Amino acid sequence: MLMGDKWLVCSAWPYAHGIPHLGNIIGSILSADVAARYLRLKGCEVVFVSGSDEHGTPIEVEAIKRGIRPKELTDEIHSRMKKLFDRWNISFDNYSRTENPVHIKFVQEFYMDLYERGYIFEDEMLLPFCPKCNRFLPDRFVHGTCPYCGFEDARGDQCDKCGRLLTPTMLINPRCSICGSKPIIKKTKHWFFDLPKLSNDIEKYILENSNLPENARNMSLQVIRDGLKPRSITRDNKWGIPAPFPGAEGKTIYVWMEAVLGYISATIEYFSKKGEKDRWKEFWLNPETKSVYFIGKDNIPFHTIIFPALLIASSRNYNLPWTVASTEYLLYEGQKFSKSRRIGIWIDEALELLPTDIWRFTLVALRPEVRDTSFRWSELLNVINKMLNDDIGNFIYRTLSFIYTRMDGVVPERHEMDEIDKRTVDEIASMYRRITEYMDEFRIRLALHEVAGLARLGNRYLNEREPWNTIKTDWERTCTTMNIAFSIARSVAIMLLPFIPSSAEELLRQMNYNVNDISWSMAKDLVPGGHRINKPKVVFKKLTEKDVEKLLKKLDEIRGSSRS
RNA sequence: AGCGGGGUGGGGAAGCCAGGUUAUCCCGCGGGGCUCAUAACCCCGAGGUCCGAGGUUCAAAUCCUCGCCCCGCUACCA
């Protein structure tokens, strides 16, 4: 990718049902932020969008329980999430929401367009309906006894006990999970997106898009070969975007099928707020623009099949996803995150315990890139104490201290380089290349581990050169050593900018640089002599096991006081 | 059940698609060194039937077949 490239960085939209947990944020928003910051640092023009996904039955039901309107509920959650993402230092260009008028209008026009193009048809179907609540029930809102294992609280889509797939009509003694009364089966009309019609186009898109990761390609191709089925796009919910089709009064668009369009509407909204009404087209209609979507593994087919299909069906030449960057799941100490069982840590709680950059660093270092990975406190200690403090922090500090106290705070010139120097300089270059490659592939976990490796190279180099000895006998030798050491330190700081922006900025400030003057490619360069630095300070500190115990205790307190 | 992904020394990862001398890296462990630095850093060492069983090949962690285990999708949960 070149300077000046345009990039659309998209992150899955968090559902406004509650606050995301650590697994949610590393899978989508935090990874996307690292990518967005990296691309900007490379000089690309980036638009980074996401937003709150706020429609659908769970939210409607939750609002009913609380005796408020759904909009009041999502207003509150949206504003909390927005503030939290700020505190997590997420550099969104636009964090929007599906209740935003631009989105609602866009979705309605988009689907009306598809309707007129013949991609939408209607059909009748039989669905569970609760007479008392006067609402149709999604499968999982019907509970009852599992016909296979007899578990009494099986859901209408699947039994949690034996794992078997169910339909609501299979349940013995079915009941509405909201009010407990017995649902009836009622006929209703719905509108469907004719996905099979686009099968060939989608297959072609996937086959021709070599940027898609292999797992996403394989899975998607298989789904297509198995035969795509029409997807229903309407619901009988009140809470949602009104379906625009003739005769669809009272129906809303299914959340899944509208929230993905938010990537486009949020871009439109962003530019129109900036007073550049048409510029969104450069990001969605210019085929040179690249896009990446950060999502969890469960979300792949939606982004490689359904979303592209919608875009193709519109015939507006929207850019299809250039690639998707999916993650496996983050576990908490070996278990799945569970809101009801309070297993895990949520992103609001996290910031009450430790600074943002500690979380960002740890989560990226543990990012589940190829398999499910556990967040463990022991791993946090390891990553923060060894990688961040010892390898990175200490290397930079010892280098800066040496220059500040022994060389008048001025980075010296290089003189004659011997084999060790040359070899080291070559290694810097090859590590820079490798890290850049990893970043370009969005394998940011590997990239971060390599950045720590670069700091280790610096440590090794200093130990080999022993500037604290050579300074007594050979000033020029020492100058060369410290110039190269400082260059490595600066590279490390630069390459940390996407990961831990505020700490990296502090490091660069100590080195007397303004981040606005920094670009990614400077990380491969040796620094010219004569540059004055500021007084170095220790930036990172270690955590002990005792600290962790205290944090866990504090977590309990936070939860106790907020349990209302 | 079908499909996709994963299963590499005590923990975490790379390598696998394009097979090749002693299987790489980080942490941990044992020993040594250094003293500029955050009790940090550097070096050396121990530790692996590369999930299991077959097969292809001069040669398999890597390719093929079968099996086991974990996760996801296939389902109107977002």
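Remember, it's a predicted structure, so these values are computed and weren't measured experimentally.
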- Query: Roughly how many Å is it from CG in A:Leu228 to C1' in B:C3, rounded to a whole number?
  - Reply: 14 Å
- Query: When you measure from the side chain of A:Asp372, which nucleotide among B:C41, B:A14, B:C71 comes out closest?
  - Reply: B:C71
- Got a sec, which residues hit side-chain hydrogen bond (donor to acceptor under 3.5 Å, both in side chains) with A:Asp418, two or more places apart in sequence or on another chain? A:Arg465
- Message: Regarding A:Val538, tell me which of base, sugar-phosphate or nothing describes its non-hydrogen contacts under 4.0 Å with the strands shown.
- Response: base
- Take the protein atom CD1 of A:Ile392 and the nucleotide atom C1' of B:C26, then report the distance between them rounded to whole Å. 12 Å
- Task: Evaluate the side-chain proximity of A:Asn459 to A:Arg398: yes if any heavy-atom separation is below 4.5 Å, no if none is.
- Result: yes
- Item | Distance, C1' atom - from B:U22 to B:A46, rounded to whole angstrom | 16 Å
- Query: Taking for each residue the nucleotide of RNA chain B with the nearest heavy atom, is it A:Glu369 or A:Leu137 whose nucleotide lies nearer the 5' end?
  - Reply: A:Glu369
- Query: Which whole number of Å gives the distance between the C1' atom of B:G20 and that of B:A59?
  - Reply: 6 Å
- Task: Nearest whole angstrom, please: distance from the C1' of B:G11 to the CE of A:Met387.
- Result: 15 Å
- Task: Provide the Watson-Crick or G-U wobble partner of B:G47, both distances under 3.5 Å; none if there is no partner.
- Result: none
- Task: Spell out protein contact along nucleotides 27-36 of chain B as letters: B when the base is contacted, S when just the sugar-phosphate is, - when no protein heavy atom is under 4.0 Å; keep the 5' to 3' order.
- Result: SS----BSSB
- Query: So what does A:Arg376 hit on the nucleic acid, given a heavy-atom distance under 4.0 Å: a base, only sugar-phosphate, or nothing?
  - Reply: nothing
- If you look at every strand shown and take non-hydrogen atoms under 4.0 Å, does A:Phe136 touch a base, only sugar-phosphate, or nothing? nothing
- Mind checking what makes side chain to side chain contact (heavy atoms under 4.5 Å, CB included) contact with A:Pro308, not counting sequence neighbours? A:Tyr205, A:Leu320, A:Pro321
- If pairing requires Watson-Crick or G-U wobble contacts with both distances under 3.5 Å, which nucleotide is the partner of B:G4? B:C71
- Message: Of the options B:G5, B:G7, B:C41, whose atoms approach the side-chain atoms of A:Arg371 most closely?
- Response: B:G7
- Message: Need one value for A:Asp53: base, sugar-phosphate or nothing, where a base atom within 4.0 Å counts as base even if backbone is also close, heavy atoms only.
- Response: sugar-phosphate
- Message: Distance check needed: B:G5 P versus A:Met219 CE, whole Å only.
- Response: 8 Å
- Query: Expressed in whole Å, how much space separates the P atoms belonging to B:G47 and B:C66?
  - Reply: 37 Å
- Message: Expected output is a numbered-order residue list: members of residues 329-337 of chain A with a heavy atom under 4.0 Å from any atom of RNA chain B. What is it?
- Response: A:Tyr329, A:Lys336
- How is A:Lys229 classified with respect to the nucleic acid when contacts are heavy atoms under 4.0 Å: base, sugar-phosphate, or nothing? sugar-phosphate
- When rounded to the nearest Å, what value does the distance between C1' atoms of B:U21 and B:G2 take? 43 Å
- Look at the side chain of A:Asn215 and decide which nucleotide, out of B:C41, B:U74, B:G5, has an atom nearest to it. B:G5
- Is B:U22 paired to anything, Watson-Crick or G-U wobble with both distances less than 3.5 Å, and if yes, which nucleotide? none
- Message: Check A:Lys336 with A:Asp372, please: is the shortest side-chain N to carboxylate O separation under 4.0 Å?
- Response: no
Atom pairs, protein N/O to nucleotides 65-67 of chain B N/O, distance under 3.5 Å:
none

- Query: For the side-chain contact (heavy atoms from CB on, under 4.5 Å) test, which of A:Thr362, A:Thr373, A:Ile384, A:Leu366 pairs with A:Glu379?
  - Reply: A:Leu366
- Query: Atom CG of A:Asn389 to atom C1' of B:C26: distance rounded to whole Å?
  - Reply: 16 Å
- Spacing of A:Ile384 atom CD1 relative to B:G12 atom P, expressed in whole Å: 19 Å
- Side-chain N or O of A:Thr373 closer than 4.0 Å to phosphate OP1/OP2 of B:G12: no
- Task: Apply the test salt bridge (charged side-chain N to carboxylate O under 4.0 Å, His left out) to residues A:Asp123 and A:Lys189: give CA-CA distance (whole Å), side-chain angles for both, the deciding distance (0.1 Å), then the verdict.
- Result: CA-CA 6 Å; A:Asp123 199 5; A:Lys189 194 196 276 182; over 6 Å; no
- Message: Could you check whether A:Arg423 pairs with A:Glu427 (Lys NZ or Arg NE/NH1/NH2 to Asp/Glu carboxylate O, under 4.0 Å)?
- Response: yes
- Do A:Arg371 and A:Glu328 meet the salt-bridge criterion of a basic N to acidic O distance under 4.0 Å? no
- Could you state the CG-P distance from A:Leu221 to B:U74, rounded to the nearest angstrom? 17 Å
- Task: Flag the pair A:Arg97 / A:His103 as yes when at least one side-chain heavy-atom distance between them is below 4.5 Å, and no otherwise.
- Result: no
- Task: Return yes if some donor-acceptor pair links the side-chain N/O of A:Thr234 with the main-chain N/O of A:Ser232 below 3.5 Å, else return no.
- Result: no
- CE of A:Met387 to CD1 of A:Ile392, rounded to nearest 0.5 Å, is 5.5 Å
- Message: Assuming nearest nucleotide by heavy-atom distance, tell me which of A:Phe141 and A:Asp298 is located more 5' along RNA chain B.
- Response: A:Asp298
- Message: For a quick check of understanding: with a heavy-atom distance under 4.0 Å over all strands, which category does A:Leu446 fall into, base, sugar-phosphate or nothing?
- Response: sugar-phosphate
- For A:Ile300 and B:C71, give me the distance from atom CD1 to atom P, rounded to whole Å. 17 Å
- Item | Ionic contact status for A:Arg434 with A:Glu450, cut-off 4.0 Å | yes
- Query: Can you tell me how far P in B:A61 sits from the matching atom in B:G19, rounded to whole Å?
  - Reply: 14 Å
- Query: Roughly how far apart, to the nearest Å, are B:G9 and B:G52 at atom P?
  - Reply: 10 Å
- Query: Within the structure shown, what part of the strands sits under 4.0 Å from A:Ser378 by heavy-atom distance: base, sugar-phosphate, or nothing?
  - Reply: nothing
- Roughly how far apart, to the nearest Å, are B:C70 and B:C44 at atom C1'? 38 Å
- Within the 6.0 Å centroid threshold, strictly below: A:Phe193 and A:Trp191: no
- Message: For a quick test of reading the model: is some side-chain N or O of A:Arg225 closer than 4.0 Å to OP1 or OP2 of B:C3?
- Response: no
- Across all strands, who's sitting opposite B:C41 as a Watson-Crick or G-U wobble pair, both distances under 3.5 Å? B:G33
- Task: Would you check if the side chain of A:Asn218 reaches a backbone N or O of A:Asn215 as a donor-acceptor pair within less than 3.5 Å?
- Result: no
- Query: Between B:C17, B:A14, B:U38, which nucleotide gets closest to the side-chain atoms of A:Glu214?
  - Reply: B:C17
- Message: Between B:G4 and B:U49, how far apart are the two C1' atoms, rounded to whole Å?
- Response: 29 Å
- Query: Who does B:C77 pair with, Watson-Crick or G-U, both distances under 3.5 Å?
  - Reply: none
- Message: Is there a side-chain contact between A:Arg443 and the phosphate of B:A13, meaning an N or O under 4.0 Å from OP1 or OP2?
- Response: no
- Item | Results of side chain to side chain contact (heavy atoms under 4.5 Å, CB included) for A:Ala16 - residues two or more places apart only | A:Ser52, A:Glu54, A:Ile59, A:Thr74, A:Ile77, A:Met81
